[in-house]
Amino acid sequence: MFLNQEPRLAEFAGAVVEWQKRHGRHHLPWQGTRDAYRIWLSEIMLQQTQVATVVGYYERFLSRFPDIPALARASQDEVMPYWAGLGYYARARNLHRCAQELAAHWDGRFPDTPEQIATLPGIGRSTAAAIAAFAYGTRSPIMDGNVKRVFTRYFGIYGVSSQRATEQLLWKTAEEAVQAAPAALDMAAYTQGLMDLGSDCCTRGRPDCARCPLQAGCYAYAHGVQHELPTPKQKKASPERECKMLILHQEGSVLHQAGSILLEQQLSPGIWGGLWSLPQYGDASALEVACSNWGQPSNQAQKMAGLLHTFTHFKLHIEPWYVQCAATVVAEPGPRQAWVPVEKLASTALPAPVRKILGGLFDL
DNA sequence: CAGACGTGGAA
DNA sequence: TTTCCAAGTCT
């Protein structure tokens, strides 16, 4: 770090805001509003998720649930299809819970301080600050991946951000940057500018320092260590697991000509919690037992092309097995299981790889 | 504190 | 191909 951060702190926020107004993003679907609901929804969807991925989900979700009361009076099962495929499903469950808490205890509106906002489910310190900054102009700093890149480089902050000391220094520096800024600071532009700078200019691989409004004071630029910051955390090899998924296809009826598929709702918490997946089995014998329970000899099952699904912390080898059965022979579904008509699969909350498997069979 | 928690795009 | 990781939070 530079010994004396003060002169570089004083000019920091102003440079970010000026850059944002000329070169930042201004036409994302969740910009140009002070509606805390829309801001909140976008912030949650954008957690660990790229802008391009979020845009479509944001529009569809907002059309179906236009405000807090609409979301609060819906059931979780009505909400999950609008999040399916986006990942990190605890976000959707917390979003729904939060709407109900706001409706029940906060008059259906967001509280106006970041501290109060951060007490709500699924909203941590950074998201609370972002909501307050965009909706109310509150001078409370955020600290996400983009901002960490900008701050570690500009101020020369070493150490992995999972360490308490590093995290605390980042937040302290972020607070000082706001305090050192003029009272008239456009907090929304500053907050957006930090993220845009990290996203468009101060990127991980090839930072475009020539375009950067902070170049003159940047520690990493001065020392040529852009690629060393932020300090990378050591990676761990992700374990691999395997499972067999059963596609039990009940033949069509007059009502549902394409038939129905047996799905099983996943428990929360847990992978895909709240979504409807295909029944999974750890090995061939477990699959055989399941087939025979449904009156199907397992030798009638057809093995389909396998696929590898990569999660953050493990890889899953999926082996799908297809079995068709007559409607007349079929028993009652087990707990958390249901027969879902093929016509309804498109609007069902399916995990991404399950949608891919079923999409190959039924053109969802 | 370290691990759980998804998915897809980029290098 | 492999690895990284993107507007994090919760336990």
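Remember, it's a predicted structure, so these values are computed and weren't measured experimentally. Residue numbers begin at 1 in each chain, while the letters A, B, ... track the order of the sequences.
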Contact class for [X] vs. all strands (heavy atom < 4.0 Å): base, sugar-phosphate, or nothing?
X      : value
A:P121 : sugar-phosphate
A:I44  : nothing
A:P269 : nothing
A:A130 : nothing
A:W83  : nothing
A:P353 : sugar-phosphate
A:G124 : sugar-phosphate
A:L28  : base
A:G85  : sugar-phosphate

For this session: With sequence neighbours excluded, tell me which residues meet salt bridge (charged side-chain N to carboxylate O under 4.0 Å, His left out) with A:R109.
Result: A:D107

Seminar exercise, completed: Between A:H256 and the options A:Q250, A:E343, A:K344, the side chain to side chain donor-acceptor pair (under 3.5 Å) test singles out A:E343

Seminar exercise, completed: Comparing A:R204 with A:S162, nearest DNA chain B nucleotide closer to 5' gives the residue A:S162

Exercise. Nearest nucleotide by nearest heavy atom, which residue falls closer to the 5' end of DNA chain B, A:R164 or A:T312?
Worked result: A:R164

Exercise. With nearest nucleotides of DNA chain C determined for A:Q192 and A:K315 from heavy-atom distances, which residue corresponds to the more 5′ nucleotide?
Worked result: A:K315

For this session: Nearest-nucleotide wise, let me know which of A:A118 and A:S42 is further upstream toward the 5' end of DNA chain C.
Result: A:S42

Interatomic distance, [X] [atom1] vs [N] [atom2] [rounded to whole Å]:
X      : N      : atom1 : atom2 : answer
A:D200 : C:dA6  : CG    : P     : 14 Å
A:H313 : C:dT11 : NE2   : C1'   : 13 Å
A:F314 : C:dT2  : CZ    : C1'   : 19 Å
A:R93  : C:dT9  : CZ    : P     : 16 Å
A:L120 : C:dT9  : CG    : C1'   : 13 Å
A:K236 : C:dT3  : NZ    : P     : 16 Å
A:I142 : C:dG8  : CD1   : P     : 9 Å
A:L86  : C:dA6  : CG    : C1'   : 12 Å

Problem set entry | Candidate list A:L350, A:V340, A:T348, test side-chain contact (heavy atoms from CB on, under 4.5 Å), partner A:L358, passing option | A:L350

Exercise. For residues 47-60 of chain A, which residues have at least one heavy atom under 4.0 Å from DNA chain C?
Worked result: A:Q47, A:Q48, A:Q50, A:V51

Exercise. When you list every nucleotide of DNA chain B with an atom under 4.0 Å from a heavy atom of chain A, which one comes first 5' to 3', and which comes last?
Worked result: B:dC1 to B:dG9

Exercise. Parallel under 30°, tilted from 30 to 60°, perpendicular over 60°: which one fits the rings of A:W30 and A:Y58?
Worked result: perpendicular

Exercise. Hey, are A:S162 and A:E167 close enough side-chain-wise for a donor-acceptor pair under 3.5 Å?
Worked result: no

Exercise. Do the side-chain N and O atoms of A:D77 and A:Q265 include a donor-acceptor pair separated by under 3.5 angstrom?
Worked result: yes

For this session: Report yes if the distance between the aromatic ring centroids of A:F65 and A:Y82 is under 6.0 Å, otherwise no.
Result: yes

Exercise. Taking the six-membered ring for Trp, is the centroid-to-centroid distance between A:F110 and A:W40 below 6.0 Å?
Worked result: yes

For this session: May I ask you to evaluate whether A:K235 reaches the phosphate of C:dT3, defined as a side-chain N or O under 4.0 Å from OP1 or OP2?
Result: no

Exercise. Is A:R149 near enough to C:dA6 that one of its side-chain N or O atoms lies under 4.0 angstrom from OP1 or OP2?
Worked result: yes

Problem set entry | Spacing of the P atoms in C:dC4 and B:dG3 (rounded, Å) | 16 Å

Exercise. Taking the P atom of each, how far is C:dT11 from B:dG6, in whole Å?
Worked result: 14 Å

May I ask you to decide whether [X] forms a salt bridge with [Y], counting only side-chain N to carboxylate O separations under 4.0 Å?
X      : Y      : answer
A:R211 : A:D200 : no
A:E264 : A:R336 : no
A:E176 : A:R139 : no

